[in-house]
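Notes follow the structure.
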Amino acid sequence: MTAPVVTKPANRPAARPGGRKPRSGVDDWWTVPDTVPAADSATVKKTRRWRRLVTVYVWAAVILLPLTLLALFVLAGQQLAGHGSATDKTVSGTQEAAQAQVLLERWIGQNPSPLPGGRVVALIDATSQTPAPAHPGEVVDYRIATYRFVIADRADNLYTTGVQLAITPDGPVLLARPALLPIPATGTTAQGGQWPWPGVEAGTPQAAYGAAVNAWLAAYTSGDPAALKQAVGDPDPSRSYLTLSGVKLSSPAIGPVGYLWGPGQDSGKDALPQQALLRVTVGASWTGQTPAPGGTVPTLTYDLLLDKADTAAPVVVAW
C-alpha cells in the first residue's frame, strides 16, 4: 500500500499575530481592529487617528456642502435681482432721454423755427424728483424729469437748453417749451462784458423797447394767462401760457441788444431789424418775503425776443 504524498506550499508567508493574513498589494489600514496586540499599539494608534480625521472630514463635507450650495444660490439670486433692477432703471432712463430729445427736435423743427438749422449735439445730464404731496394723504403718481442738452445752430453757435417732462403712468408730458441759453464765446464787445449771443449782430436799445418790456412784465406777473397771451399777441387759440403770481418784477434794466435781420432786410440800408434780442435784469420781490438788510433786492435776468422791433409798437414774444 502506498503512503499519501503531502505537498507543502512554497514561500507561503507566515501568519500575522492574531491570525490575520495580509492581502498582497492592499493597504488594509482602514480595517485594522480596535483591539490589537501590544506589540503593534503605536502603529495602530496612528492609523486610528488618521481614520478618525478622515471620518470627521467626510461628515463635514456631507453637512457643509449642501449649506454652501444653498448660500451660493441665494447670493447668485440676489446679484441677478440687483443687476436686473439696474438694467431696468438704465433702460427707463435711456427711453426717457430719447423721448426728451425727440420732443426737443420737434420744437427746433417747427415753422417758424426758434433756431433755424438747429441740431442736438449732446445730452449733458438729467435730474428726476417726485413732488411732495400738496395735501396730507395725497398720492403723487408722477415725477418731474429734466434733461439738459447742448444744441447748435447752422453757424455752429452752441446753446444749452432743458426739456422738462412729467413722467406719468400714461407716458411723458412736456411741461414747458425749452429755452435757449447761449454758451458764450471768448471775447468782449463794444457794449462791454462777454457777448451773450454768438453770431448775432450787436445793436442799440430803442426808446420803444422799454415800453414793450414793461408791458410784458406786467402781464407775466399778473397771474392771468389770458392777459399774457394778449400782451404777446399770439393769435393761436390752442396755445396757453404760464404766468407768475405772488412776485413783483420791477426796475427793468436793458443790457446787451442783438439785431436779428429778417428775410429781405439789408443791415446796411435798413435802420432797424424786424426782431431783436434783449438781456433784461429786473428786481424781484415775493409776497410775504422779509426785505434783506440794507434794502438789497434780488435780481433776475431774462433774455427776451422782440417782434416788430422796427416799429413803434414792438412786443415781447419769447423769453
Criterion side-chain contact (heavy atoms from CB on, under 4.5 Å) on L103 and L165, from CA distance to verdict: CA-CA 10 Å; L103 293 173; L165 305 174; 3.5 Å; yes

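- Partners of D141 by salt bridge (charged side-chain N to carboxylate O under 4.0 Å, His left out), not counting sequence neighbours: none found.
- You'll find the side chain of P252 reaches within 4.5 Å of the side chain of N214, heavy atoms only.
- Nearest approach of A219 to A227, heavy atoms of both residues: CB-O, 3.8 Å.
- In this structure, the side chains of Y302 and L249 come closer than 4.5 Å at one or more pairs of heavy atoms.
- Of all the heavy atoms in Y209 and A276, the pair that sits closest is OH-CB, 4.1 Å.
- Atom CG in L115 sits 5.0 Å away from atom CD1 in I151 (nearest 0.5 Å).
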Pair K248-T221, side-chain contact (heavy atoms from CB on, under 4.5 Å): steps then yes or no: CA-CA 7 Å; K248 181 180 179 181; T221 58; over 6 Å; no

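- Nearest approach of G258 to V200, heavy atoms of both residues: CA-CG1, 3.7 Å.
- Minimum interatomic distance between R148 and L123 (heavy atoms only, all atoms of both residues): O-CD1, 3.3 Å.
- Closest of all the heavy-atom pairs between G233 and P235 is O-CD, 3.3 Å.
- W286 and L217 fall within a single hydrophobic cluster, where Ile, Leu, Val, Met, Phe, Trp and Tyr side chains are chained together by heavy-atom contacts under 4.5 Å.
- Here OG1 of T130 is found 8.5 Å from CD1 of I144. Values are rounded to the nearest 0.5 Å.
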Working for side-chain hydrogen bond (donor to acceptor under 3.5 Å, both in side chains), residues D125 and Y147: CA-CA 6 Å; D125 56 28; Y147 289 86; over 6 Å; no

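- For R119, the salt bridge (charged side-chain N to carboxylate O under 4.0 Å, His left out) test picks out D156, with sequence neighbours left out.
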Verdict with reasoning, S238 to D236, per side-chain hydrogen bond (donor to acceptor under 3.5 Å, both in side chains): CA-CA 6 Å; S238 65; D236 190 343; 2.7 Å; yes

Full working for side-chain hydrogen bond (donor to acceptor under 3.5 Å, both in side chains) between E105 and Q101: CA-CA 6 Å; E105 290 173 347; Q101 181 169 336; 3.1 Å; yes

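- Atom NZ of K308 sits in a sparse spot, with 12 or fewer heavy atoms from other residues, nucleotides or ligands closer than 6.0 Å.
- Taken to the nearest 0.5 Å, the OG1 atom of T127 stands 10.5 Å off from the CZ atom of R143.
- Tested against W216 for a side-chain contact (heavy atoms from CB on, under 4.5 Å), the candidates L306, L228, V280 yield a single pass: L228.
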side-chain hydrogen bond (donor to acceptor under 3.5 Å, both in side chains) between Q274 and W261, intermediate numbers included: CA-CA 6 Å; Q274 292 179 355; W261 300 96; over 6 Å; no

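- The shortest side-chain heavy-atom distance between L104 and V120 falls under the 4.5 Å cut-off.
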Test log, rule side-chain contact (heavy atoms from CB on, under 4.5 Å), inputs D303 and W319: CA-CA 6 Å; D303 284 356; W319 51 93; over 6 Å; no

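- Here the closest non-hydrogen pair linking I167 and P172 is CD1-CB, 3.9 Å.
- At distances below 3.5 Å, not a single donor-acceptor pair connects side-chain atoms of T161 with backbone N or O atoms of F149.
- In this structure, L277 and V257 have side chains that are not in contact, with every pair of non-hydrogen atoms separated by 4.5 Å or more.
- Of the inter-residue distances, the one linking D310 atom CG with D307 atom CG reads 8.5 Å to the nearest 0.5 angstrom.
- A donor-acceptor pair under 3.5 Å links the side-chain atoms of Q206 to the main chain of T204, judged by distance alone.
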Full working for side-chain contact (heavy atoms from CB on, under 4.5 Å) between L304 and V317: CA-CA 8 Å; L304 307 179; V317 295; over 6 Å; no

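- Between V232 and Y241 the shortest side-chain heavy-atom distance falls below 4.5 Å.
- Expressed to the nearest 0.5 Å, how far OG of S113 lies from CZ of R154 amounts to 8.0 Å.
- The line from OG1 of T281 to CG of L300 is 9.0 Å long, rounded to the nearest 0.5 Å.
- Dense packing is recorded around CD of E201, with more than 12 heavy atoms of other residues, nucleotides or ligands lying under 6.0 Å away.
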